[in-house]
A.B. asks: 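Okay, here's the structure, questions in a sec.
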Amino acid sequence: MIAVRTEELHKVFGEFTALNGLNLSVEEGTIFGFLGPNGAGKTTTIRILTGLAHATSGKAWVMGSEVTANGHKIAQEIGFLPEEPAFYRWMTPPEYLDYVGRIFGLPVTERSNRIKELLAVAGLEESAKRRIGGFSRGMRQRLALAQALMNRPKVLFLDEPASALDPIGRKEVLDFIEQLRGQCTVFMSTHILADVERVCDTVGIINRGKLVTEAPREALLAQYAVPALEVEVDEKSEAKINPWSESLKREPWVKTLSRQELVVRIIVNDIETAKTELLRSAAQVGMVLNKYEVVKPSLEDVFLQLVSEEEAEK
């Protein structure tokens, strides 16, 4: 069964087009990663799918109900975690979850059992008597996930659930999300590629309000399994990285190039030429390399390739 579907979805704000004919199809029970750069239309899509915003045109369905016609009908069957969740900071976690359960009309016994269950899953049992105002960002995010699950939703929408978290907080939240596999459909928007690569079964890439591609994660990696080279530059050569990278981008054997501090990753067209020319170009500018290897493509490589191709067609 298809849990989430959109058909030619458009959303226009004045002269700005946030969604430009978006077509999505998400299977029930999967963890779907909705991936795209900031401003690509991810949050707008989620707001329409959760009934918090109206589409300019097009249609969208969640669990078979058309949300573009009446978004309120689906409210009892979904959970939603916004990018910046808000709390009554003077409450304790059980008090807050009880408040959410009351909003959904859950009976007293069901609320009590569900609160105990979710506090355990969220790893907040030992903090149950503390006020939310004293929680770390990661603890608040796990509590926000718990409240989004209070009504046992069939589809859980997460908008940038791990953004602005430190490494420990991100791991805790992603571990939490992984536990949901098979329990409900998870629709997770993010711009953090590593998070998608870790927890998602299926990936949809959006850019400028249009779907660039949608496929199972492994199929996507296999389809775009182009050769990649990765080099780690010595600190003494750090000042040369930018001009060297810019010169490489003009080479015909380079498809895309990305950099993270001292590590440069290059997707290539011709691996044999690249092996020779990369080292030659590094030597010409006096670049000292600590590491040089041929690597398997990552989701980041696929993303950069697809988005760059999409931009080139504009």
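By convention here, the first residue in the shown sequence is residue 1. Predicted, not measured: the structure shown is a model, and the values here were computed from it.
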A.B. asks: Are more than 12 heavy atoms from other residues, nucleotides or ligands located less than 6.0 Å from atom CZ of R198?
C.D. replies: yes
A.B. asks: Do you reckon V263 sits in the same ILVMFWY cluster as L279, going by side-chain contacts under 4.5 Å, direct or chained?
C.D. replies: no
A.B. asks: Set out, in order, the CA-CA distance, both residues' side-chain angles and the distance that settles salt bridge (Lys or Arg N to Asp or Glu O under 4.0 Å) for E7 and K59, then state yes or no.
C.D. replies: CA-CA 5 Å; E7 185 179 284; K59 295 182 178 181; 5.7 Å; no
A.B. asks: Using a 3.5 Å distance criterion without hydrogens, assess whether the side chain of R217 forms a donor-acceptor pair with backbone atoms of C200.
C.D. replies: yes
A.B. asks: Does the cation-pi check pass for R5 over W61, that is, NZ or CZ under 6.0 Å from the six-membered ring centre and within 45° of its axis?
C.D. replies: yes
A.B. asks: Going by atom types alone, do E8 and N23 pair a side-chain donor with an acceptor below 3.5 Å?
C.D. replies: yes
A.B. asks: If only atom types and distance count, is the side chain of T92 paired as donor or acceptor with the main-chain N or O of K129 below 3.5 Å?
C.D. replies: no
A.B. asks: Does the side-chain contact (heavy atoms from CB on, under 4.5 Å) test come out yes or no for L49 and T6, once each step is laid out?
C.D. replies: CA-CA 9 Å; L49 291 173; T6 69; 4.0 Å; yes
A.B. asks: Heavy atoms, side chains only, cut-off 4.5 Å: are P93 and L119 in contact?
C.D. replies: yes
A.B. asks: With salt bridge (Lys or Arg N to Asp or Glu O under 4.0 Å) as the test, would you mind laying out the steps for K116 and E125 before giving the verdict?
C.D. replies: CA-CA 8 Å; K116 291 177 183 178; E125 289 175 299; over 6 Å; no
A.B. asks: With a 4.5 Å heavy-atom cut-off, do P161 and I177 have their side chains touching?
C.D. replies: yes
A.B. asks: Could you please spell out the steps behind the side chain to side chain donor-acceptor pair (under 3.5 Å) verdict for T43 and D159?
C.D. replies: CA-CA 7 Å; T43 296; D159 191 6; 2.9 Å; yes
A.B. asks: So V173 and L165, do their side chains get closer than 4.5 Å, heavy atoms only?
C.D. replies: yes
A.B. asks: Determine yes or no for a side-chain-to-main-chain donor-acceptor pair under 3.5 angstrom, with D270 supplying the side chain and T273 the backbone.
C.D. replies: yes
A.B. asks: Check whether any side-chain heavy atom of I2 sits under 4.5 Å from a side-chain heavy atom of V26, and report yes or no.
C.D. replies: no
A.B. asks: How far apart are the closest heavy atoms of G134 and R130, and which atoms are they?
C.D. replies: O-NH2, 2.9 Å
A.B. asks: Can you give me the closest heavy-atom contact between T185 and A3, atom names plus distance?
C.D. replies: OG1-CB, 3.6 Å
A.B. asks: Go through it in stages, so that I can follow the logic: the residues are Y96 and Y88, the test is ring pair (Phe, Tyr, Trp, His ring centres under 6.0 Å), and I'd like the CA-CA distance, side-chain angles, deciding distance and then a yes or no.
C.D. replies: CA-CA 7 Å; Y96 179 69; Y88 294 109; 7.1 Å; no
A.B. asks: Which pair of non-hydrogen atoms, one from L22 and one from K210, has the smallest distance, and what is that distance?
C.D. replies: CD1-C, 4.3 Å
A.B. asks: Compare all side-chain heavy atoms of D98 with those of R111 and state whether any distance is below 4.5 angstrom.
C.D. replies: yes
A.B. asks: Taking the side chain as every heavy atom from C-beta outward, state whether L158 and I46 have any atom pair closer than 4.5 Å.
C.D. replies: no
A.B. asks: Can you find a side-chain donor-acceptor pair between R114 and N151 that sits under 3.5 Å?
C.D. replies: no
A.B. asks: Do T68 and L9 have side-chain heavy atoms sitting under 4.5 Å apart?
C.D. replies: yes
A.B. asks: With a 4.0 Å cut-off, would you call K154 and E77 a salt bridge?
C.D. replies: yes
A.B. asks: Run the numbers on T45 and S189 for side-chain contact (heavy atoms from CB on, under 4.5 Å), then give the verdict.
C.D. replies: CA-CA 9 Å; T45 301; S189 81; over 6 Å; no
A.B. asks: Got a donor-acceptor contact below 3.5 angstrom from the Q147 side chain to the A144 backbone?
C.D. replies: yes
A.B. asks: First locate atom OG of S258, then atom CD of Q260, and finally report the distance between them rounded to the nearest 0.5 Å.
C.D. replies: 8.5 Å
A.B. asks: What pair of heavy atoms forms the shortest contact from A274 to W253, and how long is it?
C.D. replies: CB-CE3, 3.6 Å
A.B. asks: With sequence neighbours excluded, what pairs up with S245 under the side-chain contact (heavy atoms from CB on, under 4.5 Å) test?
C.D. replies: I241, L257, V264
A.B. asks: Are any non-hydrogen side-chain atoms of L156 and L149 less than 4.5 angstrom apart?
C.D. replies: yes
A.B. asks: Judged by atom type as modelled, is there a donor-acceptor pair below 3.5 Å linking the side chain of T44 to the main-chain atoms of G41?
C.D. replies: no
A.B. asks: Hey, does the side chain of S112 reach the backbone of T109 with a donor-acceptor pair shorter than 3.5 angstrom?
C.D. replies: no
A.B. asks: Does E27, at its CD atom, have more than 12 non-hydrogen atoms belonging to other residues, nucleotides or ligands within less than 6.0 Å?
C.D. replies: no
A.B. asks: Is there a path of hydrophobic side-chain contacts, each under 4.5 Å between heavy atoms, that joins L278 and V288?
C.D. replies: no
A.B. asks: Under a single-linkage definition using a 4.5 Å side-chain heavy-atom cutoff for Ile, Leu, Val, Met, Phe, Trp and Tyr, are I192 and L180 assigned to the same hydrophobic cluster?
C.D. replies: no
A.B. asks: Donor-acceptor pair, distance only, cut-off 3.5 Å: does the side chain of H10 make one with the backbone of G21?
C.D. replies: yes
A.B. asks: Could you check R265 against R259 for side-chain contact (heavy atoms from CB on, under 4.5 Å), going step by step and ending with a plain yes or no?
C.D. replies: CA-CA 6 Å; R265 190 179 183 92; R259 175 194 170 187; over 6 Å; no
A.B. asks: Decide if the gap between the ring center of F187 and the ring center of F32 is smaller than 6.0 angstrom.
C.D. replies: yes
A.B. asks: Quick one: pull up CD1 in I168 and CZ in R137 and give me the separation to the nearest 0.5 Å.
C.D. replies: 15.5 Å
A.B. asks: Is it true that R170 and E172 have a side-chain N and a carboxylate O under 4.0 angstrom from each other?
C.D. replies: no
A.B. asks: For K42 versus L35, what's the shortest heavy-atom pair and its separation?
C.D. replies: CD-C, 4.1 Å
A.B. asks: Can you get from L106 to V108 by hopping between Ile, Leu, Val, Met, Phe, Trp and Tyr side chains that sit under 4.5 Å apart?
C.D. replies: no
A.B. asks: Donor-acceptor pair, K249 side chain versus V254 backbone, under 3.5 Å?
C.D. replies: no
A.B. asks: Any chance you could lay out the side-chain contact (heavy atoms from CB on, under 4.5 Å) test for E160 and M188, step after step, and finish with the verdict?
C.D. replies: CA-CA 7 Å; E160 300 280 0; M188 182 178 88; over 6 Å; no
A.B. asks: Please state whether the rings of F13 and F16 are parallel, tilted or perpendicular, taking 30° and 60° as the class boundaries.
C.D. replies: parallel
A.B. asks: In the single-linkage hydrophobic clustering (I, L, V, M, F, W, Y; side-chain heavy atoms under 4.5 Å), do V268 and L289 co-cluster?
C.D. replies: yes
A.B. asks: Do NZ/NE/NH1/NH2 and the carboxylate oxygens of R181 and D201 come within less than 4.0 Å?
C.D. replies: yes
A.B. asks: So, E293 and K291, do they make that salt bridge, N to O below 4.0 Å?
C.D. replies: yes
A.B. asks: Does Y99 OH have over 12 foreign heavy atoms under 6.0 Å away?
C.D. replies: no
A.B. asks: Quick one: closest heavy-atom pair of M287 and K240, and the distance?
C.D. replies: CE-O, 3.6 Å
A.B. asks: Hey, does the side chain of Q183 reach the backbone of Q179 with a donor-acceptor pair shorter than 3.5 angstrom?
C.D. replies: yes
A.B. asks: Flag the pair E117 and R152 as a salt bridge only when some basic side-chain nitrogen lies within less than 4.0 angstrom of an acidic carboxylate oxygen.
C.D. replies: yes
A.B. asks: My understanding is that only residues two or more places apart in sequence, or in another chain, count here; which of them pass salt bridge (charged side-chain N to carboxylate O under 4.0 Å, His left out) with E214?
C.D. replies: none
